[in-house]
Amino acid sequence: MANYTDAERDTVRDAAFGAIALVSRADPGFLSSFKESLAGSKALAAGPKEITELLRAGGFPTPPKGDPAAQEQAVLTGLSEAKQLLTAKGDGSAEAFSGVILEATQAVADASDGVSPEEQAVIDKVRAALA
């Protein structure tokens, strides 16, 4: 595994957990949010070792600030930055990261009553940010 600075780990971790939060917020509900957060966390934890180690390193993720639109933009930008950062490391972790994020966001959407159109729209934005 490549070496990462604290700032690089923060970028990856914040983007990953931010993506889960975006999908969960797309179709709100207290019980749904709990189920979705658990499903997303499980999917992240089941990812490849190089990704799970990055996600576990450091402290808690830092949620984006601002209104919902600004938060969404910050997470999508963070996903793109994380993918670029991992691509630059050249160790194959960029594709693993994209796969884990897409699996986690799908797990979040599937966790409570199937995938809503709003959740699918966010997943599509996440996919585009990781392209």
Side-chain angles (χ1 to χ4, degrees):
M1 185 168 112
N3 290 323
Y4 294 89
T5 66
D6 289 344
E8 290 170 334
R9 281 190 291 276
D10 289 348
T11 297
V12 172
R13 187 177 52 253
D14 291 351
F17 287 98
I20 289 172
L22 284 182
V23 176
S24 184
R25 284 194 312 241
D27 191 16
F30 177 73
L31 188 55
S32 296
S33 294
F34 179 75
K35 288 179 188 176
E36 292 168 348
S37 293
L38 185 59
S41 295
K42 282 183 179 181
L44 291 178
K49 182 180 177 183
E50 68 268 17
I51 301 304
T52 59
E53 286 178 358
L54 275 171
L55 297 177
R56 289 182 180 141
F60 289 103
T62 303
K65 299 191 184 328
D67 63 22
Q71 291 174 12
E72 179 179 283
Q73 188 57 50
V75 170
L76 296 175
T77 299
L79 286 166
S80 294
E81 289 173 357
K83 176 84 181 269
Q84 290 171 3
L85 182 154
L86 295 168
T87 299
K89 297 293 181 176
D91 63 358
S93 59
E95 291 309 312
F97 176 75
S98 293
V100 167
I101 298 305
L102 293 173
E103 286 178 28
T105 55
Q106 188 65 50
V108 168
D110 288 337
S112 181
D113 300 326
V115 182
S116 73
E118 295 82 7
E119 289 169 324
Q120 187 58 55
V122 174
I123 290 171
D124 292 343
K125 290 178 185 180
V126 167
R127 181 176 280 109
L130 293 170

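Quick note: numbers below take in every heavy atom, side chains included, and nothing from hydrogens, waters or symmetry partners. Keep in mind that what you see is a predicted model, and the values were worked out from it rather than measured.
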For Arg25, give me all partners under side-chain hydrogen bond (donor to acceptor under 3.5 Å, both in side chains), at least two apart in sequence or on another chain. Gln71
Correct closest heavy-atom pair for Val75 and Pro64 would be CG2-CG, 3.8 Å
Can you name the nearest heavy-atom pair linking Leu44 to Ala104, along with the distance? CD2-CB, 3.8 Å
Between Arg127 and Leu102, is the side chain to side chain contact (heavy atoms under 4.5 Å, CB included) condition met? List the steps. CA-CA 7 Å; Arg127 181 176 280 109; Leu102 293 173; 4.0 Å; yes
Quick one: list whatever passes salt bridge (Lys or Arg N to Asp or Glu O under 4.0 Å) with Lys42, sequence neighbours left out. none
Contact summary for Ser24 and Glu36, nearest pair of heavy atoms: OG-OE1, 2.9 Å
So, Glu119 side chain and Ser116 main chain: donor-acceptor pair closer than 3.5 Å or not? yes
Do any N or O atoms from the side chain of Ser93 and from the backbone of Lys89 form a donor-acceptor pair under 3.5 angstrom? no
Out of curiosity, Phe97 CZ to Leu54 CG, how far, rounded to the nearest 0.5 Å? 9.0 Å
List the atom of Gly40, the atom of Val108, and the distance in Å for their closest heavy-atom pair. CA-CG2, 3.6 Å
Can you find a heavy atom in the side chain of Val122 that is under 4.5 Å from one in the side chain of Thr105? no
Let me check something: any side-chain donor-acceptor pairs from residues 9-19 under 3.5 Å, sequence neighbours excluded? List them with distances.
from	atom 1	to	atom 2	distance (Å)
Arg9	NH1	Tyr4	O	2.5
Arg9	NH2	Asp6	OD1	2.4
Asp10	OD1	Arg13	NH2	2.4
Thr11	OG1	Ala7	O	3.0
Arg13	NE	Gly59	O	3.0
Arg13	NH1	Ala57	O	2.2
Asp14	OD1	Thr62	N	2.8

Check against side chain to side chain contact (heavy atoms under 4.5 Å, CB included), Glu8 and Thr5: CA-CA 5 Å; Glu8 290 170 334; Thr5 66; 3.2 Å; yes
Begin from the C-alpha positions of Val115 and Gln106 and carry the test side chain to side chain contact (heavy atoms under 4.5 Å, CB included) through to its verdict. CA-CA 8 Å; Val115 182; Gln106 188 65 50; 3.4 Å; yes
Would you please say whether a donor-acceptor pair under 3.5 Å links the side chains of Thr77 and Glu81? no
For Lys83 against Leu130, the heavy-atom pair lying closest together: NZ-O, 2.7 Å
Does Glu50 reach the side chain of Asp91, with side-chain heavy atoms less than 4.5 Å apart? no
Shortest non-hydrogen pair, Thr52 vs Gly47, comes out as CG2-O, 3.4 Å
